[in-house]
Amino acid sequence: MKNLRKIIILFLFIFLAGIVVTALSINTTLNKKEPSKNLKTKQDTVYLIKKNKKLA
């Protein structure tokens, strides 16, 4: 019985550790920002505003 309890506890520990590692990995992936995409959008917007001022 003692061996069975040890096996169950070890399984639960590995299972919970896997869930924690997976959750942290997904969380860090979702928190990454893409600065190049936002910067390009801002530059395009500034360009279009300047272009519209020249045309008007």
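The structure places CD1 of Ile9 at 10.0 Å from CG of Leu4, a figure rounded to the nearest 0.5 Å. Here Asn27 contributes atom CG and Asn31 contributes atom CG; the two are 4.5 Å apart, rounded to the nearest 0.5 Å.
A donor-acceptor contact shorter than 3.5 Å is absent between the side chain of Ser25 and the backbone of Val21.
Under a hydrophobic clustering in which Ile, Leu, Val, Met, Phe, Trp and Tyr are joined whenever their side-chain heavy atoms come within less than 4.5 Å, directly or via other members, Ile7 and Met1 fall into different clusters.
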